[in-house]
Number of protein chains: 4
Amino acid sequence: MYQDDNTYPHMDAENMQVTAAGSAGSEDRRQEIVLAAFGLIASKGVEGLRTRDVAARAGMNIGTLYYYFSTKERLIQGVVDYIVQHIAVVQNAGSGAAEKTPVEVLHQHLAHLTRMLIDTPEIFRVMGELILRSERDQAIYQILKQADDDWQRYLINVLVEGINQRLFRADLDPALTAHAIMSFFKGAMLQLGLQAEELERTAAQFEGWLLDRR
Amino acid sequence: MYQDDNTYPHMDAENMQVTAAGSAGSEDRRQEIVLAAFGLIASKGVEGLRTRDVAARAGMNIGTLYYYFSTKERLIQGVVDYIVQHIAVVQNAGSGAAEKTPVEVLHQHLAHLTRMLIDTPEIFRVMGELILRSERDQAIYQILKQADDDWQRYLINVLVEGINQRLFRADLDPALTAHAIMSFFKGAMLQLGLQAEELERTAAQFEGWLLDRR
Amino acid sequence: MYQDDNTYPHMDAENMQVTAAGSAGSEDRRQEIVLAAFGLIASKGVEGLRTRDVAARAGMNIGTLYYYFSTKERLIQGVVDYIVQHIAVVQNAGSGAAEKTPVEVLHQHLAHLTRMLIDTPEIFRVMGELILRSERDQAIYQILKQADDDWQRYLINVLVEGINQRLFRADLDPALTAHAIMSFFKGAMLQLGLQAEELERTAAQFEGWLLDRR
Amino acid sequence: MYQDDNTYPHMDAENMQVTAAGSAGSEDRRQEIVLAAFGLIASKGVEGLRTRDVAARAGMNIGTLYYYFSTKERLIQGVVDYIVQHIAVVQNAGSGAAEKTPVEVLHQHLAHLTRMLIDTPEIFRVMGELILRSERDQAIYQILKQADDDWQRYLINVLVEGINQRLFRADLDPALTAHAIMSFFKGAMLQLGLQAEELERTAAQFEGWLLDRR
DNA sequence: TATGAATGAGCCTTCATTCAT
DNA sequence: GATGAATGAAGGCTCATTCAT
């Protein structure tokens with residue numbers, strides 16, 4: 001019968017590995033659709049998103065699209081999931097490598113975000129669209145809020161450790177600093193006529209403010 | 001008269017004062033419409049903006065609305081103008097009082113923005129909507145870019161003066177710092193579940209990073 | 001602004017006379033639409049009713065149709081109103097002339113219904129469609145139930161008077177007899193391959209059963 | 001086998017008994033589908049009938065359903081067959097017992113119909129839907145017309161015999177009376193807010209009209 | 001200037017039906 | 001026989017915009 005959209009989004013990467021080959025293809029199909037939708041949102045905004053265009057871009061019939069996503073709404077949620085995972089994965093990857101000092105970890109994290117902002121601004125543009133939309137869409141809000149909380153927690157951990165090691169300024173409030181970093185990056189994607197170099201240097205200067213200058 | 005929408009975006013506040021008394025009422029009418037549109041964008045986003053709703057909210061017929069704004073597009077530009085002036089006016093007001101040190105000026109500026117973000121988040125929400133939209137709408141981009149440049153120039157001036165007076169850190173790059181401040185505030189409006197106090201303290205801490213600690 | 005569908009259907013013939021000329025034309029337009037819908041239901045059933053076809057048949061744009069009837073549902077209710085009034089009016093007209101004996105009144109009533117069933121079977125076919133639909137549509141049920149109650153009351157009045165005058169069988173239960181008459185006519189419209197003469201004679205015989213044979 | 005839908009409408013109950021055991025299961029499957037469709041028509045009308053829902057209710061895949069019924073149209077015809085047989089069987093059962101006077105036979109017949117109308121109104125509701133549809137569907141018309149003719153013939157037989165035995169009114173026209181009875185019952189199912197007791201008493205009174213009162 | 005009726009392109013979604021496995 | 005993915009033609013409804021009055 002119809003696939004229950006609700007269950008799909010909650011499948012995490014691990015589950016998908018275990019899934020039988022049959023539904024693996026099905027999951028691929030969903031991915032194709034989500035990617036098509038993502039691309040269209042990036043270029044036309046959620047406002048300009050048309051299910052027909054998504055289907056066309058994914059190389060399938062409009063009916064098929066609705067077979068996988070019973071609603072445009074759900075499709076958009078699928079895009080949110082995609083983005084969140086896409087960025088979350090990166091954070092995990094970063095935390096995978098140990099041995100590094102908190103300063104180095106934070107540096108890499110910020111450098112990575114800066115890189116993404118420059119190389120794949122679409123992701124952030126789409127993210128912006130979705131954040132704005134989340135104000136009127138509970139489902140999206142939930143997902144994004146969760147991701148945001150994870151991000152903040154990650155930053156706080158790094159900051160706390162760095163402060164303890166006397167690498168970051170002693171008067172740094174970890175939570176507020178995390179907050180500031182997050183705001184800074186979210187805002188960076190709203191900068192008009194953003195320049196790559198300018199952003200990198202701004203981020204670097206920002207990073208400097210956090211360090212302990214003895 | 002202003003029926004000719006094409007001239008409108010180039011009109012600044014002064015011009016409007018000078019306008020003949022006859023069309024003053026006409027201008028009021030436009031304002032009502034813009035305000036109605038603003039309110040609707042705040043609650044439903046540009047995506048959810050319907051000319052009919054705007055007309056209804058402004059207490060007029062849909063036909064009448066089109067008499068003042070020949071296009072939905074132009075109406076939105078009207079909203080952009082409105083917002084830009086609304087914030088610009090504030091900056092001017094702030095700079096009106098002299099005698100204050102750059103640190104005090106910046107502090108007041110930041111405090112003011114923080115207050116607005118907390119008290120009238122709609123303005124920022126709408127601003128966010130419009131910034132995102134500006135990526136696909138040249139006319140909007142132009143207006144916002146102009147306002148952004150003005151803002152940055154203002155910040156740079158304050159920062160330069162403060163650095164010269166050894167009030168701000170000597171190693172501060174004025175342009176990048178202005179950039180950071182702007183990003184921070186733009187991003188703040190995208191924070192999910194923003195808390196008033198948290199924002200105030202984050203802004204305060206941020207401010208502290210700029211000061212010279214000898 | 002939009003016309004409130006709810007108010008229109010409740011306007012009865014008198015009110016419309018009083019209404020300003022402006023909305024009289026508007027009411028005409030609604031009538032055209034309802035007639036078009038009626039015709040289409042008659043030939044294709046409610047199931048086959050397409051708003052686009054209705055608009056085309058009424059010689060107007062689909063958007064215009066929705067300007068008058070905000071919903072297909074409401075349009076159908078409009079048809080129900082139309083039919084109910086169409087038949088109700090007839091009953092009133094019949095009762096207008098006095099001087100007749102109850103037997104004559106009933107005879108004319110039945111003869112009239114029979115005639116309609118033969119001459120304009122569409123009305124009854126559509127009625128049948130709507131009655132069936134009323135089981136799943138409260139709004140329609142209400143209107144039809146009201147009309148039904150009126151009809152029954154009318155029949156009971158005639159019957160009671162006739163019984164008192166010893167014209168109808170003394171053992172006639174007015175309510176049940178009215179019920180029987182109503183069922184008979186409703187059922188007549190469901191007869192397959194209905195023949196005019198056959199129906200007339202059946203109705204006549206039925207009528208005979210009600211008379212007092214001393 | 002019966003996969004060939006074309007032959008199906010012409011199969012009568014006996015043929016099905018004779019069918020090879022192998023396809024008996026197949027026939028069961030068809031029955032399940034028809035029953036599911038019947039139930040759905042009862043609650044949502046033919047208009048609301050969805051092949052997918054039917055399949056779901058019958059606990060099978062939509063593709064499987066189409067294996068048994070190549071078309072929605074044919075499925076509906078299957079329902080018509082089912083109903084006709086369901087009611088026809090009853091009539092035969094009634095006529096199975098002899099020894100009874102025509103008055104008793106008719107009484108039992110009417111009582112039985114009344115009972116069904118009260119206990120299983122769905123059957124009649126569905127019947128109504130199908131009769132209406134028969135006006136636009138030759139195949140359905142044929143089946144229903146056949147059943148109707150059988151019913152009328154049955155009634156005429158009983159009536160004629162009763163008249164000859166001076167049990168029914170002498171002036172009764174058998175054909176017209178049968179016609180009246182049939183109309184009455186068909187119409188009874190269209191009564192809004194039908195009450196069990198009311199119907200029974202109306203039917204009883206109706207019955208009384210047919211009797212010879214010397 | 002104001003009104004509201006009219007237009008029509010277009011959008012989301014549904015649903016009967018097919019087909020490869 | 002059974003499954004479920006795929007198809008595509010509609011269908012109901014919306015909405016920016018126009019125009020006669």
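Here is how names work: the chains are called A, B, and so on, in the same order as the sequence lines, proteins then strands, and each is numbered from 1.
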Scanning both residues in full, the closest heavy-atom pair of A:Ile140 with A:Ser134 reads CG2-CB, 3.8 Å
*Does the A:Arg52 side chain pair with the main chain of A:Ile62, one donor and one acceptor, at a distance under 3.5 Å?*
no
With the side chain defined as heavy atoms from C-beta on, A:Tyr68 is closest, among E:dT13, E:dA2, F:dA6, to F:dA6
B:Met60 atom CE is separated from E:dG4 atom P, nearest whole Å, by 13 Å
By nearest-nucleotide position on DNA chain E, the 5'-leaning member of A:Gly63 and C:Gly59 is C:Gly59
**Study point:** Pairing of B:Glu129 and A:Arg136 as salt bridge, 4.0 angstrom limit
**Key:** yes
Could you please spell out the steps behind the salt bridge (charged side-chain N to carboxylate O under 4.0 Å, His left out) verdict for B:Arg29 and B:Glu32?
CA-CA 5 Å; B:Arg29 218 86 168 101; B:Glu32 290 170 39; 3.3 Å; yes
Residues of residues 36-52 of chain A with a heavy atom under 4.0 Å from any atom of DNA chain F, listed by number, are A:Arg52
Q: Determine yes or no for a side-chain-to-main-chain donor-acceptor pair under 3.5 angstrom, with A:Lys72 supplying the side chain and A:Leu49 the backbone.
A: yes
Out of E:dA6, F:dA6, F:dT17, minimum distance to the side chain of A:Arg29 belongs to F:dA6
Regarding the side chain of D:Thr64, the nearest nucleotide among F:dT3, E:dA6, E:dT1 is F:dT3
To the nearest angstrom, the OH-C1' distance between B:Tyr67 and F:dC19 comes to 15 Å
C:Lys72 NZ to F:dA10 C1', in whole Å, measures 12 Å
Whole-Å distance, D:Ile33 CD1 to F:dG1 P, equals 12 Å
C:Ile62 has its side chain closest, among F:dT17, F:dT14, F:dG12, to F:dT14
- Item | Close side-chain approach of A:Tyr66 to A:Thr51, heavy-atom, < 4.5 Å | yes
Item to check | Side-chain N or O of B:Asn61 closer than 4.0 Å to phosphate OP1/OP2 of E:dA2 | outcome: no
Considering only heavy side-chain atoms of B:Tyr66, the closest of E:dA16, F:dA2, F:dT18 is F:dT18
5'-most contact on DNA chain F (nearest-nucleotide basis), B:Glu73 vs C:Glu73, goes to C:Glu73
In whole angstroms, the gap separating P of E:dT14 from CZ of A:Arg74 amounts to 11 Å
Whole-Å distance, C:Arg30 CZ to E:dG4 P, equals 16 Å
Under 3.5 Å, side-chain donor or acceptor atoms of residues 34-48 of chain B against the rest of the protein: list the pairs with distances, not counting sequence neighbours.
residue	atom	partner	partner atom	Å
B:Ser43	OG	B:Gly39	O	3.3
B:Ser43	OG	B:Leu40	O	3.4
B:Glu47	OE1	A:Arg133	NH1	2.7
B:Glu47	OE2	A:Arg133	NH1	3.0

Comparing C:Asp53 with A:Leu65, nearest DNA chain F nucleotide closer to 5' gives the residue A:Leu65
Q.
Keeping A:Arg125 on the side-chain end and B:Leu132 on the backbone end, is there a donor-acceptor pair under 3.5 Å?
A. no
CD1 (B:Ile143) and CG (B:Asp81) are apart, to the nearest 0.5 Å, by 4.0 Å
Nearest heavy-atom approach of D:Val54 to D:Leu65 is CG1-CD1, 3.6 Å
Between CG of B:Asp28 and C1' of E:dT1 the distance, given in whole Å, is 15 Å
Read 5' to 3' with Watson-Crick or G-U pairs under 3.5 Å, [ ] for crossing pairs and | for partners on another strand, DNA chain E gives .||||||||||||||||||||
